[in-house]
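Everything on this sheet refers to the single structure shown next.
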Protein chains: 2
Amino acid sequence: MEASIAEIAQRAGIGKGTVFRHFATKECLAAAIVSDRLDELAAIGRTLLDATDPGAALLEFMTAGVELQARDRAFCQAATTSVRRDPAVRAASDRLSQAAESLTEQARRQGAVRDDITGQDVILLLGAACQAAAPLGDTAADLWRRYLYLIFDGMRPEGAHPLPRPAPARARFDQAVDPSGPDQEPSAERC
Amino acid sequence: MEASIAEIAQRAGIGKGTVFRHFATKECLAAAIVSDRLDELAAIGRTLLDATDPGAALLEFMTAGVELQARDRAFCQAATTSVRRDPAVRAASDRLSQAAESLTEQARRQGAVRDDITGQDVILLLGAACQAAAPLGDTAADLWRRYLYLIFDGMRPEGAHPLPRPAPARARFDQAVDPSGPDQEPSAERC
DNA sequence: ACCTGAACACCGTTCAAGT
DNA sequence: ACCTGAACACCGTTCAAGT
């Protein structure tokens, strides 16, 4: 969000108006970039499904996810804003959750992680590790590794304590619709 | 950052120019608010130093911290931006870290948390719990509790695995200056 | 049909004029 | 001395005119 539309258009060698022909809004442009990144991570997750050690694969998946985010802070920040409400980002986010769910289920079966952990949890905690290290900026380049490992320790079955709240049930394809109706955030306009 | 300066000035019953008399920049205004919140939490932390169960006190401190952040999302977001580089925010942040350090030391001594955990860690992980739940917005109002407890499990000595990186050494008053010089992010202008 | 950049609306910031 | 709001600069967005 740092760059102005004028700069973006100039670097792309097109007029400002043409940018708005492709993306109705500056935020839609950001949303398109973010959902691309999410799909990138989902692809990595699907690859890791074939790994021999599911526990290690899950940790590797989370590591790849934070690395993706840590590479440019802009993406990390964008994920915090209202870009989340964009339909394309939501869809990509659900695809990512599904990949994470498969990985998590394998790890759960092996006893590598406690069994009250879902794929959604994994995605959210991966973001949390990134955000934990963010305040110190580039001072501590790979500090996120410390927090990812600590969080992963919390995901392990050894010494686990009961959690005060069930995992969030977001749109999952193998799940009936929540009878209490859609209590999600209002969707943004389609882009 | 949602509100415009014009709106803020109007609500305060003063002219726009007068706002800039008190805060050189809109960001400085945000920084002042953020550091107030940080000091609020530091005060809570100092109160909890007298609690009988240091482990429970530390968890309570973290809970209070996330609650403070979760109450308005604006603050949670501001903490992600360049407001962090503001000198006043840094100073408040250091005061907060010191309070956290005392609480953490007590908990460490009791064996309630592993002994490679610092006060800084506690502050950063507290923010992480808040951020983990943020993507789902008000859909899942107190989801952060789930992640705070999970992270706290990771902080416990039982089943702890070694962490891949030392804790960050930010300005601590009982510590010599880092001989490699200040490798912190560039400070923003004084406000 | 598709692209363009002038024009518009909005907002942070400055400062000459008012008290 | 302190406050004000008109004026300026900047940026996202629109759209009449050009190809």
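Below, chains carry the letters A, B, ... as their sequence lines are ordered, and counting in each starts from 1.
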Between B/Leu49 and B/Ser102 the two heavy atoms that sit nearest each other are CD2-CB, 3.6 Å

Residues B/Leu136 and A/Gln120: closest non-hydrogen pair is CD1-OE1, 4.1 Å

Take atom [atom1] of [X] and atom [atom2] of [N], then tell me their distance rounded to the nearest Å.
| X | N | atom1 | atom2 | result |
| --- | --- | --- | --- | --- |
| B/Gln10 | D/dT4 | CD | P | 13 Å |
| A/Ile8 | D/dC11 | CD1 | P | 11 Å |
| A/His22 | C/dC3 | NE2 | C1' | 9 Å |
| B/Ile5 | D/dA9 | CD1 | C1' | 16 Å |
| B/Glu7 | C/dC10 | CD | P | 12 Å |

ask   = Is a donor-acceptor contact shorter than 3.5 angstrom present between the side chain of A/Lys16 and the base of C/dT4?
value = no

pair_partner(C/dC2), Watson-Crick or wobble, both distances < 3.5 Å, evaluates to D/dG18

Across every strand shown, the nucleotide meeting Watson-Crick or G-U wobble geometry with C/dC10 (both distances under 3.5 Å) is none

Tell me whether the side-chain N/O atoms of [X] come closer than 4.0 Å to OP1 or OP2 in [N].
| X | N | value |
| --- | --- | --- |
| B/Arg21 | D/dC3 | yes |
| B/Thr18 | D/dC2 | no |
| B/Lys26 | C/dG12 | yes |
| A/Thr25 | D/dT13 | yes |

- [ ] Step through the shown structure and confirm whether more than 12 heavy atoms of other residues, nucleotides or ligands are within 6.0 Å of CD on A/Gln10.
- [x] no

Which of D/dT4, D/dG12, C/dG12 is nearest the side chain of B/Ile14? It is D/dT4

Indicate yes or no: at least one non-hydrogen side-chain atom of A/Leu126 is less than 4.5 angstrom from one of A/Leu41. yes

Of A/Ser4 and B/Gly17, the one whose closest nucleotide on DNA chain D sits nearer the 5' end is B/Gly17

Original post:
So, A/Asp153 and B/Arg114, do they make that salt bridge, N to O below 4.0 Å?
Top reply: yes

